[in-house]
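The basis for the numbers below is simple: all heavy atoms, side chains too, and nothing from hydrogens, waters or symmetry mates.
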Amino acid sequence: MSASDKKFLLELPLKVILTEDGASNFISHNKKLLRFRLADNLDEYGISLNKFSPQSIQSMILLDYISKIEISMSEFVSSRQEVMDLSKVIVYSLLYKQFDREVYNALIQCECVKKHNRANPAKLIDNKTQMSDRQLRSTLSGKQTVIQTTRKAILDPIWNAIMSNKDYSAEEKNVYLLMSEKFLNRLGLMNWYIITTFHKNEGANEMFIAIRNLLNSYMEKSKVAEYISVMVMELALNNENTNIRKEARKMYHGIDDIDALVFDPEIRAKIVQELQRKHELVFLSWKLGGGASSIGKQGRLSITLYNKDDEFQEVKENIETAKSSNTAKKTLIDFYRELPEGQEGTDLGLYYLSYLDDACKKVNVKFESLVNQYSASDLTVINLNFNF
């Protein structure tokens, strides 16, 4: 077992909002669901986690059990690595799901499958084909040798290309080798059913080439996960520092050098304690896709960050229905450029944003960022929207 495969736990206060399938599964196992009031003032049902394994979150996402994940804390800096790890787990999970869908769409377009459909109109394999996991597992149970053989046939050319690429460092080669294996390991049962059904067919090579092309594409897309996690953390820390500076001015009247206070560990800890007492939090949420039945929306990810305190909860019923006259919309680039002079991280934020934007364009991931500023409540809401 490699170091990257070792199980570990993350400690973050998660609110995990479940899909209908997720809720049904938990209820069927006598798990009580909690009712949450989320940062957008909507009531949702789900589960609360404070210590969890990334694998458990990934498994739930791959099963379409999770619709949203939310964290709220007064300070993020002490949980920096955990938040970034969670963000990467969420993005990778969406990429695995999209890869599986695209492989299926590619396989049913292969000539061997089309030929089968023409000869067997009562047993079509197309977008409407449905087989239960139990049925698929039963069919595949005796085909492990075939699966391993075809898996090797698919991966060998990719691995040879990676190892012979002189532009890759030894570390990059290891990353690509591991990534290609991870994507193929998460290929769904229905895809393996098709692969094993036609692996001896003269058109099998067409299937293998289609899968390899998608593997190469998604290995490139996976680079975006790192950029997203860094950008999310930068925005969370920016919101955190805004709250800390604001509270420092209230707690230490007459002191001009606020930064000296903010970066003194003992004083910063006292300020954070006061923010926690007042329940002034930075909220971070990941909204996943549009559900299994939402055609064209499964690959969407919306990340939202904003500050909110108890007063705002009482004043605003729902930020989504706020009147346009109360908001100022701008891009994330405009938001950074308009931060007060001297605000820490402005240049760094633009730097990260530029890299994220470029990375998304290179691998055909649609990315847009939008900032809403609510003048009545002094609230800033940042939305990062991706379509993989």
Which is it for N25 and Y65 under the side chain to side chain donor-acceptor pair (under 3.5 Å) test, yes or no, and what are the steps along the way? CA-CA 8 Å; N25 179 268; Y65 283 178; 3.2 Å; yes
Can a donor-acceptor pair be found, under 3.5 Å and without considering hydrogens, that links the side chain of [X] to the backbone of [Y]?
| X | Y | result |
| --- | --- | --- |
| N160 | D156 | yes |
| R245 | V262 | no |
| E240 | N243 | no |
| S87 | M84 | no |
| K15 | S48 | no |

Give a yes or no on whether [X] and [Y] share a hydrophobic cluster (residues Ile, Leu, Val, Met, Phe, Trp, Tyr; joining criterion: side-chain heavy atoms under 4.5 Å apart).
| X | Y | value |
| --- | --- | --- |
| F208 | V146 | no |
| V103 | I209 | no |
| M131 | I195 | yes |
| V175 | V363 | no |
| M179 | L177 | yes |

Does a donor on one side chain and an acceptor on the other come within less than 3.5 Å for [X] and [Y]?
| X | Y | result |
| --- | --- | --- |
| D64 | T19 | no |
| S56 | S53 | yes |
| T129 | D126 | yes |

Check step by step if side chain to side chain donor-acceptor pair (under 3.5 Å) holds for N191 and D100. CA-CA 8 Å; N191 280 320; D100 186 59; 2.7 Å; yes
Looking at residues at least two apart in the chain, or sitting in another chain, which of them share a side chain to side chain donor-acceptor pair (under 3.5 Å) with E82? none
Output the distance between atom [atom1] ([X]) and atom [atom2] ([Y]), rounded to the nearest 0.5 Å.
| X | Y | atom1 | atom2 | answer |
| --- | --- | --- | --- | --- |
| K143 | T145 | NZ | OG1 | 12.0 Å |
| Y352 | E234 | OH | CD | 6.5 Å |
| E44 | L33 | CD | CG | 12.0 Å |
| I211 | L214 | CD1 | CG | 8.0 Å |

By the definition side-chain contact (heavy atoms from CB on, under 4.5 Å), identify the one residue from L184, L178, N185 that meets it with K182.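 Result for side-chain contact (heavy atoms from CB on, under 4.5 Å) with K182: L178.
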Scan Q58, R186, K88, Q98 and name whichever one has a side-chain contact (heavy atoms from CB on, under 4.5 Å) with S93.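 With S93 as partner, side-chain contact (heavy atoms from CB on, under 4.5 Å) holds for just one option, Q58.
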For atom [atom1] of [X], is the number of surrounding heavy atoms from other residues, nucleotides or ligands below 6.0 Å larger than 12?
| X | atom1 | value |
| --- | --- | --- |
| R118 | CZ | yes |
| E20 | CD | no |
| K51 | NZ | no |
| Y252 | OH | yes |

Taking the six-membered ring for Trp, are Y176 and Y168 closer than 6.0 Å centroid to centroid?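 Ring-ring flag for Y176/Y168: true, centres closer than 6.0 Å.
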Should the pair [X]-[Y] be classified as a salt bridge under the 4.0 Å nitrogen-to-oxygen rule?
| X | Y | answer |
| --- | --- | --- |
| E220 | K223 | yes |
| D85 | R80 | no |
| E247 | R268 | no |
| K361 | D357 | yes |
| R277 | E274 | yes |

Pairs in or reaching into residues 75-103: which pass ring pair (Phe, Tyr, Trp, His ring centres under 6.0 Å), with residues at least two apart or in two chains?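 Qualifying pairs: Y96-F183, F99-F183, F99-Y218.
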Side chains of V224 and L356: closer than 4.5 Å at any heavy-atom pair?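 A side-chain contact under 4.5 Å exists here.
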